[in-house]
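All values below were derived from every heavy atom in this structure, side-chain atoms included, with hydrogens, water molecules and symmetry-related copies excluded.
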Amino acid sequence: MPQTELTDKLVIGDKELKSRLFLGTGKFATNKLIPQVMEASGCQVVTVAVRRVDPDFAEEDVLTYLSPDCILMPNTSGARNAREAVRIARLARAAGLGNWVKIEVITDNKYLLPDNYETLKATEILAGEGFVVLPYMSPDLMVAKQLVEAGAAAVMPLGAPIGSNRGLRTKELIRIMIEEIDRPIIVDAGIGRPSEAAEAMEMGAAAVLVNTAIATAADPVRMAAAFGQAVQAGRQAYLAGLGPTRLYASASSPLTGFLREGE
């Protein structure tokens, strides 16, 4: 195993992570697939909507299918403002789901874009209460800086509208955030292909969160394995340092010593 896999770890809050693939659990045809997907991908962090947790019905309760070793990241899906997001986070912690929380505040019903203003307000409150806060946001450098100042443990910009599988449509904005923000940048939403996950990692993203692309694949378990490998490959490429790009050709071999006719 390459040395970089042994030493290159991601630290968020008090957790040290080997895997940089985070998994969403909202769209699988059946929860029974989730353990196989987790094993195939090697992911450690799993996000769940608090409203999908139902301890009274084990078959419907997504927690029943999660490895006890995974890091649970409840999200505030369904919140329409900061007040609702804070309430959901507090309920999750009171229910024993830990103190990690992905802030998700959405009021736009067509594109499901996050409300950065309400997300910032919720981040300030929950970080002050000791939560490890990972806010999902529309990529905006100034807001990202404010989220960090408010106590965000990482920042999660979208690559494209959630569930769209359209890839890194916000690539340039994410690149700027990676360059300027002193916190892990986790690309969340929109990634539809393993190659796009690899591209995000090659740019220097700390991790990616994927749900729809795996859950809606013809073979979710095989696709999960592909994403796990792509994330590792992208990270390795980032650590190795990509070569420069050029406008014009550059010969791989010296342009001297050619054999000429008659010689």
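Residues I178 and A205 share a closest heavy-atom pair of CD1-N, 3.5 Å. Summarising the geometry of S19 relative to G42, their closest heavy-atom pair is CB-O, 3.2 Å, with the distance given to 0.1 Å. Among all heavy-atom pairs drawn from R169 and R166, the shortest one is NE-O, 3.1 Å. Heavy atoms only, all atoms of each residue included: S41 and L21 are closest at CB-CD2, 3.7 Å.
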Worked verdict on T212 versus K27 for side-chain hydrogen bond (donor to acceptor under 3.5 Å, both in side chains):
CA-CA 6 Å; T212 302; K27 288 191 175 178; 3.1 Å; yes
List the steps and the verdict of side-chain contact (heavy atoms from CB on, under 4.5 Å) for K171 and R175.
CA-CA 6 Å; K171 178 179 177 180; R175 186 195 65 75; 5.5 Å; no
Report the C-alpha separation of R20 and D8 in whole Å, then their side-chain angles, then the decisive distance to 0.1 Å, and conclude whether the salt bridge (charged side-chain N to carboxylate O under 4.0 Å, His left out) test is met.
CA-CA 10 Å; R20 293 169 180 270; D8 179 45; 3.3 Å; yes
Might you work through the side-chain contact (heavy atoms from CB on, under 4.5 Å) test for Y117 and V105, ending with a clear yes or no?
CA-CA 9 Å; Y117 176 68; V105 181; over 6 Å; no
Trace of the side-chain contact (heavy atoms from CB on, under 4.5 Å) decision for F131 with T123:
CA-CA 9 Å; F131 282 88; T123 297; over 6 Å; no
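Taking 4.5 Å as the limit, every side-chain heavy atom of T76 sits out of range of all side-chain heavy atoms of E84. For the pair R83 and R87, the minimum side-chain heavy-atom distance is 4.5 Å or more. Taking the side chain as every heavy atom from C-beta outward, M137 and L158 never approach each other to under 4.5 Å. The shortest distance between side-chain heavy atoms of M203 and Y238 does not fall below 4.5 Å. In this structure the side chain of V143 reaches within 4.5 angstrom of the side chain of L147, judged on heavy atoms. Counting heavy atoms from C-beta on, the side chains of I106 and E104 come closer than 4.5 Å. Between Q229 and P194 there is no side-chain heavy-atom pair separated by less than 4.5 Å. With a 4.5 Å cut-off on side-chain heavy atoms, T25 and N211 do not count as touching.
Partners of R90 according to the side-chain hydrogen bond (donor to acceptor under 3.5 Å, both in side chains) rule, which considers only residues two or more places apart in sequence or in another chain, are E129. By the side-chain contact (heavy atoms from CB on, under 4.5 Å) test, E180 pairs with L141, I176, sequence neighbours left out. With sequence neighbours excluded, no residue forms a salt bridge (Lys or Arg N to Asp or Glu O under 4.0 Å) with R183. Legend: residues meeting side-chain contact (heavy atoms from CB on, under 4.5 Å) with S195, ordered by chain and number and at least two apart, are R193. Residues passing the salt bridge (Lys or Arg N to Asp or Glu O under 4.0 Å) test with E124: none are found, sequence neighbours excluded.
With rounding to the nearest 0.5 Å, the separation of CG in L23 from OG1 in T47 is 9.0 Å.
Annotation for M73: hydrophobic cluster partners, listed by chain and number, are L10, I12, L17, F22, V45, I71, W100, V132, L134, M156, I186, L209 (ILVMFWY side-chain heavy atoms under 4.5 Å, direct or chained).
The same ILVMFWY cluster, assembled from side-chain heavy atoms under 4.5 Å apart, contains both L72 and I34. No path of Ile, Leu, Val, Met, Phe, Trp and Tyr side chains, each step under 4.5 Å between heavy atoms, connects V46 with I103, placing them in separate hydrophobic clusters.
Using a 4.0 Å cut-off between charged side-chain N and carboxylate O, D188 and K102 make a salt bridge. Between E118 and K121 there is a salt bridge, since a side-chain N of the basic residue sits under 4.0 Å from a carboxylate O of the acidic one.
Judged by distance alone, the side chain of E196 and the main-chain N or O of I191 form no donor-acceptor pair under 3.5 Å.
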